[in-house]
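These notes concern the structure reproduced below.
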Amino acid sequence: MMRVVACFLALLVSVASADAKTKRSRSKSKKSRSHVSRISVPSEPFSAVVIDAGHGGFDLGGIRQNIIQEKGVALDVALRLSRELRAAGMKTTLTRSTDTFVTLEKRVAVANAHPEAVFICVHFNSGLRVGARGVETFYSSGSAAALAARIQRNAMTTTNGDNRGVKRASFYVLRKARIRSVLVECGFLTNPQDAALARSASYRQKLAEQIAAAVVSYRDSFG
């Protein structure tokens with residue numbers, strides 16, 4: 001009899017422990033989702049693009065192991081992207097057009113001042129592992145997922161680096177924007193192969209052309 005009672009008590013403890021573990025797991029899941037943008041971002045036709053070149057001024061971008069500075073190549077791609085989009089008949093606004101520092105709040109304010117636009121943030125990546133390379137694209141609001149996917153697909157045609165995919169993220173410039181927003185990481189400046197590509201003006205031009213083509217095809221998808 002005592003053995004039966006002991007087994008029953010052990011079963012109760014096991015169930016209680018499993019229930020507590022499930023609740024903790026659900027709590028963590030909810031906390032994780034809370035970091036993703038909850039701003040309502042419409043998915044509708046657009047006529048302009050706000051382009052944000054990452055970093056600038058005293059903010060070099062990346063880490064000290066970068067083979068080249070991020071701020072310069074990001075700006076160059078952004079300027080080229082603006083020219084390509086204008087040639088396709090789209091209006092563009094740059095959060096910076098020179099080597100100046102712009103706060104994250106200001107970058108988002110520029111984007112939010114253009115409800116008729118989408119927001120494209122141009123960056124290059126860094127990693128403590130030298131072998132890390134390739135392109136990845138981020139979005140926060142679900143309405144920007146399709147645009148992110150087009151940009152990732154097109155950007156991958158410019159490199160033989162890894163396709164690091166499309167990912168949801170809570171970066172400030174993405175989650176605070178009230179328009180569809182995407183951040184593209186155009187390669188790792190801590191990787192010799194990606195850094196060599198970034199140094200090439202022809203590569204930066206190809207990147208700009210492919211990102212522009214993705215934006216234009218997305219615009220045209222609205223008929």
Side-chain angles (χ1 to χ4, degrees), residues 41 43-55 61 68 70 72-95 111 114 116-127 132-169 171 173-174 177 179-189 191 193-223:
V41 178
S43 179
E44 58 190 19
F46 61 99
S47 59
V49 182
V50 177
I51 304 168
D52 178 39
H55 310 285
I68 59 177
E70 180 182 359
V73 288
L75 177 59
D76 185 73
V77 172
L79 292 171
R80 293 172 185 272
L81 175 59
S82 179
R83 289 195 292 269
E84 292 298 318
L85 289 170
R86 285 180 177 272
M90 302 197 71
K91 298 176 183 177
T92 63
T93 299
L94 289 151
T95 59
H114 294 275
E116 79 286 4
V118 295
F119 189 31
I120 309 295
C121 304
V122 179
H123 284 255
F124 282 79
N125 228 331
S126 299
R133 67 176 304 215
V135 175
E136 56 191 342
T137 306
F138 297 90
Y139 69 96
S140 180
S141 167
S143 61
L147 174 58
R150 288 174 189 259
I151 289 175
Q152 177 68 17
R153 181 192 63 204
N154 281 26
M156 277 306 303
T157 67
T158 68
T159 177
N160 63 354
D162 297 334
N163 185 342
R164 299 175 65 88
V166 177
K167 304 169 183 176
R168 201 162 193 170
F171 302 140
V173 290
L174 298 182
I179 60 176
R180 281 157 290 179
S181 306
V182 169
L183 188 150
V184 55
E185 296 275 10
C186 301
F188 281 75
L189 300 182
N191 175 271
Q193 293 97 328
D194 278 4
L197 287 174
R199 274 198 178 105
S200 167
S202 63
Y203 174 70
R204 298 193 302 270
Q205 179 61 27
K206 286 178 184 177
L207 268 174
E209 289 172 357
Q210 288 300 323
I211 295 171
V215 174
V216 170
S217 69
Y218 179 62
R219 176 199 64 182
D220 293 346
S221 72
F222 290 92

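No experiment lies behind these values; they were computed from the predicted model shown.
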For [Y], is there any backbone N or O sitting under 3.5 Å from a side-chain donor or acceptor partner on [X]?
| X | Y | result |
| --- | --- | --- |
| E70 | F124 | yes |
| E116 | A48 | no |
| D162 | G134 | no |
| N191 | Q193 | yes |
| D52 | C121 | no |
| R180 | E44 | yes |
| R219 | S47 | no |
| R86 | K91 | no |

Compare all side-chain heavy atoms of [X] with those of [Y] and state whether any distance is below 4.5 angstrom.
| X | Y | value |
| --- | --- | --- |
| S181 | V173 | no |
| Y139 | V166 | yes |
| Y203 | T159 | yes |
| R80 | D76 | yes |

Between [atom1] of [X] and [atom2] of [Y], what distance do you get to the nearest 0.5 Å?
| X | Y | atom1 | atom2 | answer |
| --- | --- | --- | --- | --- |
| L81 | R83 | CG | CZ | 10.0 Å |
| D194 | L189 | CG | CG | 8.0 Å |
| T95 | L75 | OG1 | CG | 9.0 Å |
| H114 | T92 | NE2 | OG1 | 10.0 Å |
| K206 | S200 | NZ | OG | 7.5 Å |
| R150 | Q210 | CZ | CD | 13.5 Å |

For I151 and L147: C-alpha separation, side-chain torsions, deciding distance, then whether side-chain contact (heavy atoms from CB on, under 4.5 Å) applies. CA-CA 6 Å; I151 289 175; L147 174 58; 4.0 Å; yes
Residue that, paired with V49, satisfies side-chain contact (heavy atoms from CB on, under 4.5 Å) out of V215, I179, V216: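 Running side-chain contact (heavy atoms from CB on, under 4.5 Å) over V215, I179, V216 with V49 returns exactly one hit, V215.
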Residue among H123, R168, K167 satisfying side-chain contact (heavy atoms from CB on, under 4.5 Å) with F138: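 Among H123, R168, K167, the one that satisfies the side-chain contact (heavy atoms from CB on, under 4.5 Å) with F138 is K167.
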If you compare all heavy atoms of [X] against all heavy atoms of [Y], which two are closest, and at what distance to 0.1 Å?
| X | Y | answer |
| --- | --- | --- |
| L207 | A155 | CD2-CB, 4.3 Å |
| C186 | V122 | SG-CG1, 4.3 Å |
| A169 | S140 | O-CB, 3.3 Å |
| A198 | V73 | O-CG1, 3.6 Å |
| A53 | A74 | CB-O, 3.8 Å |
| T137 | V182 | CG2-CG1, 3.2 Å |

Go through the structure and list residues passing ring pair (Phe, Tyr, Trp, His ring centres under 6.0 Å) with Y218, not counting sequence neighbours.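 Ring pair (Phe, Tyr, Trp, His ring centres under 6.0 Å) list for Y218, sorted by chain: F46, F222.
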One pair to check against side-chain contact (heavy atoms from CB on, under 4.5 Å): Q205 and T158. What are the steps and the verdict? CA-CA 10 Å; Q205 179 61 27; T158 68; over 6 Å; no
